[in-house]
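The basis for the numbers below is simple: all heavy atoms, side chains too, and nothing from hydrogens, waters or symmetry mates. All residue numbers refer to positions in the sequence shown, counting from 1.
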Amino acid sequence: MKIEIKEVSHDDPAFLMLCGELDSFLNVAIGGEDKREKYKKFNHTDTMDFVAAAYDNGEPAGCGALRKYSEKEVEIKRVFVRERYRGKNVGGQILEKLLERAEQMGFERMILETGAFLEASVRLYQRYGFRRIENYGAYKDMPESLCMGREIGADAIIYCIGKRMEAEELQALYESVGWKSGKYADRLLQSFEKAGMVMSAWSGTKLVGLVEVLDDGGVTAYVHYLLVNPLYQGKGVGARLMEAVKERYKDYLYIVLSCEQKAVIPFYEKLGFSAIEGSTPMQINRL
């Protein structure tokens with residue numbers, strides 16, 4: 001399978017067909033076309049400013065579009081991947097094209113509306129740095145809607161959950177803070193697959209920060225790694241990563257970490273952590 005992403009017109013037959021399939025999919029997912037009636041006026045294809053379609057050897061596989069929302073913001077619309085192409089990163093390739101085009105168009109922020117029940121879509125957007133925001137515009141009084149947003153541009157720090165990393169990128173980050181475990185980047189990547197949470201911070205294509213959390217499913221979450229490239233320290237990157245951890249595990253009884261440097265203790269105290277009196281960190285070190 002070789003996916004090609006093409007720019008097409010808003011009245012392109014393939015795009016219109018895919019939008020029809022998207023509407024049919026949503027009708028089933030939400031429990032009937034009548035429940036989607038109030039959304040239809042926000043999805044007219046002739047209001048789109050940019051449309052991308054994905055093809056597999058000429059066969060339409062998925063689509064996505066952009067529509068100007070304000071002078072600085074652009075809205076993602078009509079993202080859809082046909083069932084037989086799901087799980088193959090077609091949605092990711094479409095989203096990358098939309099991100100690229102939005103930046104070329106000079107926008108500073110991207111926003112979108114989806115539904116909490118569309119879990120695969122939410123995970124896709126999180127992987128590309130989108131996070132939940134307050135419902136905007138027409139969606140303010142629609143509690144079933146879930147709105148997300150992210151900054152774009154060269155100066156933006158983007159925070160992603162589940163974003164794929166290369167071993168070389170991970171090793172460079174670990175080495176920037178002098179951590180020997182960076183030599184075992186392949187092992188680290190394998191361990192991340194079983195972690196409860198991995199969130200990364202990116203400046204363009206550069207990995208500049210990371211938090212990994214191990215959890216037992218309900219009682220204790222252990223912050224295993226938190227690291228930020230020294231060039232990006234003091235910019236709120238670590239705090240943003242930790243606030244995401246606190247939100248993710250807000251219903252757990254414990255969020256635990258081991259602070260090896262006394263100079264960093266005030267940082268964690270500002271985030272609400274306190275020392276465990278009488279506790280001594282211990283390990284078996286094979287590095």
Side-chain angles (χ1 to χ4, degrees), residues 89 92 123 126-129 131 150 156-250 252-287:
N89 198 40
R123 287 196 299 270
Q126 288 178 329
R127 199 166 74 235
Y128 282 88
R131 63 186 181 93
R150 62 158 278 181
I157 301 292
I158 304 303
Y159 299 85
C160 305
I161 296 177
K163 181 178 174 67
R164 294 189 180 106
M165 291 172 261
E166 299 296 332
E168 293 79 9
E169 295 172 322
L170 194 60
Q171 182 174 348
L173 175 60
Y174 275 70
E175 289 179 347
S176 73
V177 295
W179 287 12
K180 297 178 181 179
S181 50
K183 295 187 297 183
Y184 304 94
D186 289 327
R187 288 195 195 183
L188 289 169
L189 289 174
Q190 291 177 4
S191 71
F192 288 173
E193 295 177 4
K194 298 180 180 179
M197 175 184 179
V198 176
M199 187 174 189
S200 52
W202 301 78
S203 176
T205 59
K206 184 176 181 179
L207 176 64
V208 300
L210 174 80
V211 65
E212 181 203 15
V213 184
L214 309 177
D215 68 65
D216 59 12
V219 177
T220 303
Y222 174 64
V223 181
H224 191 205
Y225 292 123
L226 172 67
L227 59 162
V228 177
N229 184 303
L231 295 177
Y232 294 85
Q233 292 176 9
K235 301 178 183 294
V237 176
R240 173 70 181 276
L241 292 170
M242 288 302 299
E243 289 294 348
V245 171
K246 289 168 61 181
E247 175 63 24
R248 166 67 176 80
Y249 293 101
K250 62 184 178 183
Y252 276 55
L253 300 183
Y254 302 100
I255 301 177
V256 183
L257 59 84
S258 177
C259 183
E260 299 178 6
Q261 299 178 4
K262 291 185 177 181
V264 184
I265 291 177
F267 165 79
Y268 289 114
E269 289 179 333
K270 287 181 181 179
L271 292 167
F273 289 84
S274 58
I276 304 174
E277 293 193 19
S279 175
T280 302
M282 303 180 73
Q283 68 175 345
I284 296 174
N285 189 335
R286 294 194 174 99
L287 291 180

Side-chain contact, heavy-atom cut-off 4.5 Å: Asn229 with Val237?
-> no

Closest non-hydrogen atom pair, Val177 against Val228 | CG1-O, 3.4 Å

Which heavy atom of Tyr232 sits nearest a heavy atom of Ser203, and at what distance?
-> OH-OG, 3.7 Å

Supply the atom-to-atom distance Trp179 CH2 to Leu173 CG, rounded to the nearest 0.5 angstrom.
-> 8.5 Å

May I ask you to decide whether Lys246 forms a salt bridge with Glu243, counting only side-chain N to carboxylate O separations under 4.0 Å?
-> yes

Roughly how far, to the nearest 0.5 Å, is the CD atom of Glu166 from the CG atom of Leu189?
-> 8.0 Å

Is the backbone of Ile158 close enough, under 3.5 Å, to the side chain of Arg150 for a donor and an acceptor to pair up by distance?
-> no

Taking the side chain as C-beta and beyond, is there a heavy-atom pair between Lys180 and Asn285 under 4.5 Å?
-> no

Sub-4.5 Å side-chain heavy-atom contact between Lys163 and Trp202 | yes

Nearest atoms (heavy-atom pairs only) where Glu169 meets Thr205 = OE2-O, 3.8 Å

For Ile157 and Ala201, work out which heavy atoms get closest and say how close.
-> CG2-CB, 4.2 Å

Do Leu188 and Glu212 come close enough that some side-chain heavy atom pair is under 4.5 Å?
-> no

Beyond-backbone contact of Arg131 with Glu247, side-chain heavy atoms, under 4.5 angstrom = no

May I ask you to check whether Tyr174 and Tyr184 place their ring centres under 6.0 Å from each other?
-> no

Measuring from Met199:CE to Gln126:CD, what's the distance to the nearest 0.5 Å?
-> 8.5 Å

Which atoms form the tightest heavy-atom contact between Val264 and Cys259, and what is the distance?
-> CB-SG, 4.0 Å

Nearest-0.5 Å distance that lies between atom CG in Asp186 and atom OG in Ser191 | 11.0 Å

Test log, rule side-chain contact (heavy atoms from CB on, under 4.5 Å), inputs Tyr252 and Val219 | CA-CA 5 Å; Tyr252 276 55; Val219 177; 5.5 Å; no

Rounding to 0.5 Å, atoms CG (Leu227) and CG (Leu241) come to a distance of 9.0 Å

For Gly182 and Gln171, the nearest pair of non-hydrogen atoms, with its separation, is O-CG, 3.3 Å

Distance (rounded to the nearest 0.5 Å) between Glu175 CD and Leu170 CG = 10.0 Å

Should Leu257 and Leu226 be marked as a side-chain contact (heavy atoms from CB on, under 4.5 Å) after you check the CA-CA gap, both sets of side-chain angles, and the distance that decides it?
-> CA-CA 10 Å; Leu257 59 84; Leu226 172 67; over 6 Å; no

Walk me through it: do Met165 and Leu210 pass the test side-chain contact (heavy atoms from CB on, under 4.5 Å)?
-> CA-CA 11 Å; Met165 291 172 261; Leu210 174 80; 4.0 Å; yes

Intermediate values then yes/no, side-chain contact (heavy atoms from CB on, under 4.5 Å), Phe267 and Gln261 | CA-CA 11 Å; Phe267 165 79; Gln261 299 178 4; over 6 Å; no

